[in-house]
Amino acid sequence: MYLSRRNKLEFFKLTGKFKNFRISNQKIVLSDNSLLIEFTQNTDIDSAKEIIDDFLEKKEITNIETKILKQLLLDDKQIKMIFKNNEQKKLKLVL
């Protein structure tokens, strides 16, 4: 997955334009391969995802997938992600 520096800048400019679409936190995970974005409580997550998907489609970026994360569980051995559609992904932590 790769997003050019220019597209990253345009993406974050886009996210700053919407009053009901506010990022409260972001974290790059798994050596730059994932970006977790936390939104403020009053953000409509489904609308935010749609805006992000539209941005990626307009830029013809097809190698990036967006998902809504419902729960993130972390212990000393693994990260468990539970997505909105109840899909689960576990990642082992190697320290």
>> D46: which residues meet the side chain to side chain donor-acceptor pair (under 3.5 Å) condition with it, sequence neighbours left out?
In response: K84

>> Just to verify, what does S47 make a side-chain contact (heavy atoms from CB on, under 4.5 Å) with, not counting sequence neighbours?
In response: D44

> Who are the ring-ring contact (aromatic ring centres under 6.0 Å, His included) partners of F55, not counting sequence neighbours?
Replying inline: F11

> Which residues satisfy the salt bridge (charged side-chain N to carboxylate O under 4.0 Å, His left out) test with D53, sequence neighbours excluded?
Replying inline: K49

>> If the condition is side-chain contact (heavy atoms from CB on, under 4.5 Å), which residues does E87 pass it with, not counting sequence neighbours?
In response: K67, F83, N85

> Residues in side-chain contact (heavy atoms from CB on, under 4.5 Å) with L74, at least two apart?
Replying inline: I79, L93

>> Tell me every residue that passes salt bridge (charged side-chain N to carboxylate O under 4.0 Å, His left out) with K59, counting only those two or more places apart in sequence or in another chain.
In response: E10

>> Among residues at least two apart in sequence or on other chains, which ones pass salt bridge (charged side-chain N to carboxylate O under 4.0 Å, His left out) with E57?
In response: none

> Say you draw a straight line from CD1 of I37 to CG of L69; how long is it, rounded to the nearest 0.5 Å?
Replying inline: 11.5 Å

>> My understanding is that only one of M81, Q78, K80 makes a side chain to side chain contact (heavy atoms under 4.5 Å, CB included) with L91; could you say which?
In response: M81

> Is the shortest heavy-atom distance from the side chain of L56 to the side chain of D54 under 4.5 Å?
Replying inline: no

>> Taking side chain to side chain donor-acceptor pair (under 3.5 Å) as the definition, give me every residue that meets it alongside N86, ordered by chain and number, with sequence neighbours left out.
In response: K70

> N42: what forms a side-chain contact (heavy atoms from CB on, under 4.5 Å) with it, not counting sequence neighbours?
Replying inline: T40

> Roughly how far apart are T43 OG1 and Q41 CD, rounded to 0.5 Å?
Replying inline: 9.5 Å

> Which residues, ordered by chain and number, are linked to L73 in its hydrophobic cluster, where ILVMFWY side chains connect at heavy-atom gaps below 4.5 Å, directly or through other members?
Replying inline: I82

> Does Q88 CD have over 12 foreign heavy atoms under 6.0 Å away?
Replying inline: yes

